[in-house]
**Student:** 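Pasting in a structure now, in structure tokens, and then I'll have a few things to ask.
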2 protein chains.
Amino acid sequence: MPRAGLTRDRVAEEAAVMADEVGLAKLTLAALADRLGVRQPSLYKHIDSMAGLQRDMAVHAKRDLGGVLARASVGRSGADAISSMSHAYRDWARAHPARYEASNLMPAPGDVEDEAVSIEAVQLIADVLAAYNLEGDDAIDAIRAFRATLHGFVSLETSGSFALAADVDRSFDRLVRGFIAALAQWTGDTAS
Amino acid sequence: MPRAGLTRDRVAEEAAVMADEVGLAKLTLAALADRLGVRQPSLYKHIDSMAGLQRDMAVHAKRDLGGVLARASVGRSGADAISSMSHAYRDWARAHPARYEASNLMPAPGDVEDEAVSIEAVQLIADVLAAYNLEGDDAIDAIRAFRATLHGFVSLETSGSFALAADVDRSFDRLVRGFIAALAQWTGDTAS
DNA sequence: TCACTTAGGCTATTGACATTAGCTAACCGG
DNA sequence: CCGGTTAGCTAATGTCAATAGCCTAAGTGA
């Protein structure tokens, strides 16, 4: 019985590949074990449980997405950075739909590693909005709005909710421009 | 054995109540049957399958949400209607998180009832944006942007992704105002 | 009222899945 | 080369969704 040489990371990695193919909810340990050339219970030497595996996938996905977003915004600022990051976000999500889904799983309270990588991703967004000099709650509102805008579009798109033939790329571009426009008058909005 | 008097609608209704309590993914037929005072296999006299039950829940949820949105926008127009509909959307989703999740399930191709009620809901959004006189793809882009904005915020909120203490009501209000502001210059955006 | 049909319950069973227990063989530090 | 750790394994359990087949309460028509 030669060893398969699995590791926790390797298992999570293959699980992510497989989930992107069949859907996060339809990933089974039996199929995953099969693909790794191992019997199903053997996976438990590397994972705690199905939930634990999903947590591992979530951490990997958040790190991965964070890296992509960081690269997309380097050397840019303001509207340029926001636009670049937005498109990178959407492209990554479309290329890895199950990983994207996993990246939206909340860390369990006390899971410091997951919490850290989650915060880092949000911090990237905060950094890119920094050019607008928003303070306190204004900044938080803007970060939430940006996350909502991106997640909403990508989530609807990947779930197939945009039925009409109209160009989805164009719609996304429009949305991002709209957000940037709204951001320009952010602090003024309250006064209406 | 006295009859329990179940119907397809009654089952879907109770399933929705239960799902809102335990989460859509954690709803089991065993627990549902128990609650309805019936054995688990008996449910199959009223549903086709778990997927079929979820479809029924989706149809009910879409109709329900559609009604709420329609009532929220009656007698209003323009920014007023958009704002009112937005808050109604969020309030309904928070009150019924699993129903909300179900309402985002896509109809199976050829499921005319589900398709009809899905289109009706989107039509409500189109109607409320009609005051902005958008034509063709401009209108589609705006509808997609509105849906993305609302769904993104609500989805992140109900999944617990807004960790910070800052007032979420305020953030949502800000987002809606931002969308309305963006909409005012919608057709001009492309020209930049 | 009484036969007949329909349909909504039931028990028993299967098969997919996650998970645990306990065994064995491969690797690893001395 | 030896002893411990660990990554695999088989076997078994419990929880699901789902199917098959029975049984009888409820409606229906004369």
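Just so we're on the same page: letters track the sequence lines, and every chain starts at 1.
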**Student:** Not counting sequence neighbours, which residues clear salt bridge (Lys or Arg N to Asp or Glu O under 4.0 Å) with B/Asp111? List them please.
**Tutor:**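 B/Asp111 satisfies salt bridge (Lys or Arg N to Asp or Glu O under 4.0 Å) with B/Arg55 once adjacent residues are dropped.
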**Student:** Would you please confirm or rule out a distance under 4.0 Å between OP1 or OP2 of D/dC9 and any side-chain N or O of A/Ser42?
**Tutor:**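 It does, given that an N or O in the side chain of A/Ser42 lies less than 4.0 Å from OP1 or OP2 of D/dC9.
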**Student:** May I ask you to check whether A/Tyr89 and A/His151 place their ring centers less than 6.0 Å from one another?
**Tutor:**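 No, too far apart.
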**Student:** Can you check the A/Arg3 CZ to C/dC27 C1' distance for me, whole Å?
**Tutor:**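 Roughly 5 Å, once rounded to whole Å.
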**Student:** Is B/Ser84 reaching over with its side chain to a backbone N or O of B/Asp80, donor-acceptor style, under 3.5 angstrom?
**Tutor:**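 Judged by distance alone, no pair lies under 3.5 Å.
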**Student:** Could you walk me through whether B/Leu175 and B/Thr149 pass the side-chain contact (heavy atoms from CB on, under 4.5 Å) test, one step at a time?
**Tutor:** CA-CA 8 Å; B/Leu175 176 64; B/Thr149 300; 3.5 Å; yes
**Student:** Rounding to an integer number of Å, can you tell me how far A/His46 NE2 sits from D/dC9 C1'?
**Tutor:**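 Rounded to the whole Å, the gap is 12 Å.
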**Student:** Between C1' on C/dA18 and CD on A/Gln54, what's the gap in Å once rounded to a whole number?
**Tutor:**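 Roughly 12 Å, once rounded to whole Å.
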**Student:** Just do the side-chain contact (heavy atoms from CB on, under 4.5 Å) check on A/Arg76 and A/Val128 with the steps written out, would you?
**Tutor:** CA-CA 9 Å; A/Arg76 299 170 190 266; A/Val128 102; over 6 Å; no
**Student:** Measure from CG on A/Leu43 to P on D/dG8 and round the result to the nearest Å.
**Tutor:**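 In whole Å, D/dG8 P lies 9 Å from A/Leu43 CG.
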**Student:** Which nucleotide sits closest to the side chain of B/Lys45: C/dG9, D/dG8, D/dA7?
**Tutor:**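 Between C/dG9, D/dG8, D/dA7, the one nearest the side chain of B/Lys45 would be C/dG9.
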**Student:** Would you say that A/Trp186 contacts A/Asp141 through its side chain, given a criterion of any heavy-atom pair below 4.5 Å between the two side chains?
**Tutor:**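 With C-beta onward as the side chain, the pair touches.
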**Student:** Quick one: does any side-chain atom of B/Asp20 pair with a main-chain N or O of B/Arg99 as donor and acceptor, under 3.5 Å?
**Tutor:**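 Yes; judged by distance alone, with no hydrogens or angles, the pair exists.
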**Student:** Quick one: which residue pairs count as a salt bridge (charged side-chain N to carboxylate O under 4.0 Å, His left out) with a foot in residues 142-160 of chain B, not counting sequence neighbours?
**Tutor:**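 Pairs touching residues 142-160 of chain B that pass the test: B/Arg90-B/Glu157, B/Arg94-B/Glu157.
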**Student:** Round to a whole Å and report the spacing from CZ of A/Arg39 to C1' of C/dT24.
**Tutor:**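 From A/Arg39 CZ to C/dT24 C1': 15 Å.
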**Student:** Give me the residues of residues 5-15 of chain A where at least one heavy atom lies under 4.0 Å from an atom of DNA chain D, by number, or none.
**Tutor:**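 Within this stretch, A/Gly5, A/Leu6 sit under 4.0 Å of the strand.
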**Student:** Inspect the contact between A/Arg63 and A/Glu113 and indicate whether a charged nitrogen and a carboxylate oxygen are less than 4.0 angstrom apart.
**Tutor:**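 A/Arg63 and A/Glu113: salt-bridged.
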**Student:** Please enumerate all residues that pass salt bridge (Lys or Arg N to Asp or Glu O under 4.0 Å) together with B/Glu115, with sequence neighbours excluded.
**Tutor:**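 With neighbours one apart ignored, the set is empty.
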**Student:** What does the B/S/- profile of nucleotides 12-18 of chain D look like, 5' to 3', with a 4.0 Å heavy-atom cutoff to protein?
**Tutor:** ----SBB
**Student:** Using a 3.5 Å cut-off on both pairing distances, which stems of three or more Watson-Crick or G-U pairs include DNA chain D?
**Tutor:**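 Detected stem regions: C:1-30 with D:1-30.
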**Student:** So B/Phe153 and B/Phe162, would you call those rings parallel, tilted or perpendicular, with 30° and 60° as cut-offs?
**Tutor:**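 Tilted.
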